[in-house]
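Both counts, for ligands and for their atoms, begin at 1 and track the order of listing.
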Amino acid sequence: MAKIVIDPVTRIEGHLKIEAVVENGEVKEARSSGMLFRGLEMILRGRDPRDAPRITQRICGVCPTTHAMASALALDDAFGVAGKIPDNGRIIRNLLQGANYIQSHVLHFYHLAALDYVDVTKVATYEGQDTALNSVKAFLERGVLAPFVPRYEGDYRLPAKVDQAAVAHYVQALDMRRLAHEMLAIFGGKMPHNAAIVPGGVTENVTVDKITGFLWRLQTLRDFIDNVYIPDVLAVAQVYDDYFEIGSGCKRYLSYGVFDLNSHPDLTLRQRLHLRGTTTASDLTHHPLEPSKIREDVASSRFRSPSGLHPSQGATEPDPHKEGAYSWVKSPRYDGQVYEVGPLARMLVSYTADAPKVRKIVDDTLTYLGAPATVLFSTLGRHAARALETKWVADAMAEWVLELKPGEPVYVDYELPAEAEGMGLWGAPRGALGHWIRIEDGVIANYQCVVPTTWNCSPRDDQGQPGPVEQALEGTKVRDVENPFELVRIVRSFDPCLACAVHLVTPKGRELGRFRVS
Ligand code: NFE
Ligand code: MG
């Protein structure tokens with residue numbers, strides 16, 4: 001028996017520890033631990049509710065737009081304007097979120113996950129004129145390999161030419177991400193932490209200049225998605241096709257839906273691009289979403305607040321030394337069951353709800369790969385779903401931007417209520433995101449966020465059920481416990497974000513833990 005400890009897992013956001021007990025070359029038990037304490041929910045208490053979209057964006061620099069959105073939706077609901085958002089405001093919100101999706105998904109594939117499959121050292125044999133590749137080659141010749149090492153020595157299988165092209169695209173993807181950030185800044189003021197998304201709509205007016213500035217960048221990105229990103233993901237998938245069988249996990253999928261197509265006052269009835277609901281690998285049937293079934297357990301989490309609360313009644317009371325707890329992440333569950341969230345969950349929920357465009361791109365991809373739908377429930381299925389989703393969203397954005405109307409309103413005014421409650425259900429790049437607010441005496445009495453990585457990286461719940469990442473690791477065959485590349489490939493396919501937060505140290509700086517960097 002061997003115990004593998006990967007702490008921290010690199011090339012993700014935030015501090016995640018993975019422990020795996022390996023017996024006879026197979027993971028018998030896995031634990032996923034969030035090692036940072038996030039105090040944002042406590043910081044919000046007692047503040048003006050309108051601060052929430054600004055403060056919650058500081059949860060994370062990668063997906064701030066999505067926290068602004070979930071927060072604004074919760075405030076729209078609490079302020080009674082959810083049904084009155086003007087079309088321009090609704091569309092600009094979608095465009096801001098869409099720009100963040102494209103940036104985040106390209107970041108995840110090229111700069112975080114691809115290095116699990118692409119061997120940069122093969123650039124050493126490159127003979128050609130590409131400036132980026134020749135720069136990488138020059139670094140390799142001088143023995144400078146960062147940021148591509150340290151890494152686990154694994155089974156890198158791509159032919160040298162495919163490998164070299166992928167490294168060139170790694171560099172090109174940096175430019176693409178800049179374009180996506182610029183696109184977001186056109187209507188959002190800046191990235192990260194846009195200034196535009198507010199309850200009632202957005203603060204940025206529509207002009208022809210902004211539409212054209214947005215559109216040419218979007219068209220450049222669509223070209224990259226269609227001709228570089230998706231082909232690269234498929235090239236990796238064809239060579240590493242055993243990862244269509246590895247890392248399945250709980251096989252239950254949940255989506256709140258995302259990208260509003262109208263402004264129905266009830267979020268659970270609002271028409272969205274991605275549909276809301278749940279499905280499972282075993283029934284592949286669409287089930288409607290019932291937000292009342294969401295609960296957060298804390299049996300294995302470092303909180304003394306009661307377990308099993310609905311987020312509208314949720315509580316955040318840290319207890320760093322709680323017996324039996326091994327994570328700062330809570331365990332959200334739906335109807336008492338473990339659910340995976342993210343692009344794969346979103347695509348499957350829309351697929352089973354019969355969204356024709358999703359059916360077509362997913363079915364076309366499966367035909368191209370000559371594979372059945374069951375390959376989707378896997379490590380590579382997550383990468384493929386993320387890439388296809390990027391195309392689906394970018395294509396929709398090209399239609400939305402042309403629906404904007406210069407001179408028309410972007411915002412509706414509201415009265416600040418003294419007492420109110422609100423719920424904001426949305427889809428972050430990494431999955432279902434919910435914000436819940438309760439306002440008393442005109443200030444925030446309680447604020448709860450349940451973020452995608454809370455679902456995916458959750459520890460064991462009150463019933464002892466492991467979280468989605470833990471389940472995805474259990475049963476995995478590990479060839480070499482010193483180089484557990486299989487495990488990091490699985491973990492990274494979820495695109496975890498343990499979110500920017502505070503390291504847990506005492507005011508005197510006393511050490512509370514030691515970290516082994518692998
Ligand atoms: Ni920090 Fe995020 C996304 C949110 S975390 S990146 O996407 O919400 O799961
Ligand atoms: Mg929370």
Side-chain angles (χ1 to χ4, degrees), residues 11-16 32 34 36-45 52-53 55-74 97-108 112 191-193 254-256 258 274 294-298 301-303 305 307 309-318 327-333 340-346 382 386 389-390 393 424-437 446-458 467-469 491-492 494-501:
R11 283 190 273 113
I12 62 162
E13 284 95 22
H15 192 159
L16 174 70
S32 142
L36 295 180
F37 172 60
R38 311 169 69 219
L40 268 290
E41 288 158 335
M42 298 159 78
I43 289 169
L44 283 153
R45 281 188 218 140
I55 292 176
T56 55
Q57 285 194 82
R58 271 67 189 178
I59 286 173
C60 180
V62 179
C63 67
T65 325
T66 211
H67 288 289
M69 272 306 305
S71 190
L73 291 172
Q97 182 64 81
N100 182 234
Y101 261 55
I102 297 172
Q103 190 282 135
S104 182
H105 287 0
V106 169
L107 155 73
H108 174 256
L112 302 179
M191 170 67 200
H193 311 137
L254 177 144
S255 164
Y256 295 155
V258 59
H274 296 67
I294 302 164
R295 294 277 186 277
E296 279 194 307
D297 283 359
V298 296
S301 316
R302 296 185 177 118
F303 298 95
S305 24
S307 199
L309 297 177
H310 186 266
S312 61
Q313 308 298 320
T316 306
E317 292 169 38
S327 182
W328 283 104
V329 175
K330 295 181 183 175
S331 300
R333 297 292 183 255
E340 173 176 338
V341 299
L344 175 61
R346 278 193 291 262
R382 292 185 193 98
R386 195 174 285 110
E389 175 180 79
T390 315
V393 170
L425 299 183
W426 190 242
R430 285 157 194 75
L433 172 68
H435 284 201
W436 284 261
I437 188 170
N446 198 22
Y447 201 101
Q448 289 286 308
C449 313
V450 183
V451 309
T453 300
T454 322
W455 289 90
N456 286 338
C457 287
S458 57
V469 165
V491 173
R492 290 199 184 102
F494 285 87
D495 192 5
C497 171
L498 278 293
C500 336

Participant: Going by atom types alone, do Ser104 and Arg430 pair a side-chain donor with an acceptor below 3.5 Å?
Facilitator: yes

Participant: Kindly write out the residues that satisfy side-chain hydrogen bond (donor to acceptor under 3.5 Å, both in side chains) with Thr316, not counting sequence neighbours, or none if the list is empty.
Facilitator: Glu41, Gln448

Participant: When you measure from the side chain of Thr56 to the backbone of Ala52, do you find a donor-acceptor pair of N or O atoms at a distance under 3.5 Å?
Facilitator: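 Between the backbone of Ala52 and the side chain of Thr56 there is a qualifying donor-acceptor contact (under 3.5 Å).
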
Participant: Just the protein N/O/S atoms under 2.8 Å from the Mg ion (ligand 2), please, no waters.
Facilitator: Glu41 OE2, Cys449 O

Participant: Which atoms of ligand 1 are found less than 4.0 Å from any heavy atom of Thr453?
Facilitator: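 In order of number, 5 (S), 9 (O).
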
Participant: Is it the case that ligand 1 has an N or O less than 3.5 angstrom from some N or O of Thr66?
Facilitator: no

Participant: I need the atoms of ligand 1 closer than 4.0 Å to a non-hydrogen atom of Leu433, numbered in the order shown.
Facilitator: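 Checking each atom against Leu433, I get 8 (O).
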
Participant: Would you call Glu13 and Asp495 a side-chain contact if the rule is heavy atoms closer than 4.5 Å?
Facilitator: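 With C-beta onward as the side chain, the pair touches.
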
Participant: Within a strict 4.5 Å, meaning less than it, do heavy atoms of the Ser32 and Ser327 side chains meet?
Facilitator: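 When only atoms from C-beta onward are counted, Ser327 and Ser32 do not touch, as no gap falls below 4.5 Å.
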
Participant: Ring pair (Phe, Tyr, Trp, His ring centres under 6.0 Å) with Tyr447: which residues, sequence neighbours excluded?
Facilitator: His435

Participant: Show the atoms of ligand 1 that are less than 4.0 angstrom away from any heavy atom in Cys60.
Facilitator: 1 (Ni), 6 (S)

Participant: Which class fits the ring pair Tyr256 and Trp455: parallel under 30°, tilted 30 to 60°, perpendicular over 60°?
Facilitator: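 Perpendicular, since the angle between the ring planes exceeds 60°.
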
Participant: Of all the atoms in ligand 1, which lie at a distance below 4.0 Å from a heavy atom belonging to Pro452?
Facilitator: 4 (C), 8 (O), 9 (O)

Participant: So which bit of His67 gets within less than 4.0 Å of ligand 1, heavy atoms only: side chain, backbone, both or neither?
Facilitator: side chain

Participant: Looking at Ala428, which atoms of ligand 1 are within less than 4.0 Å of one of its heavy atoms?
Facilitator: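 Going through ligand 1 atom by atom, the ones under 4.0 Å from Ala428 are 3 (C), 4 (C), 7 (O), 8 (O).
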
Participant: Check the orientation of His310 and Trp436. Use parallel for under 30°, tilted for 30 to 60°, and perpendicular for over 60°.
Facilitator: perpendicular

Participant: Just jot down the side-chain hydrogen bond (donor to acceptor under 3.5 Å, both in side chains) partners of Arg302, sequence neighbours excluded, or say none.
Facilitator: none

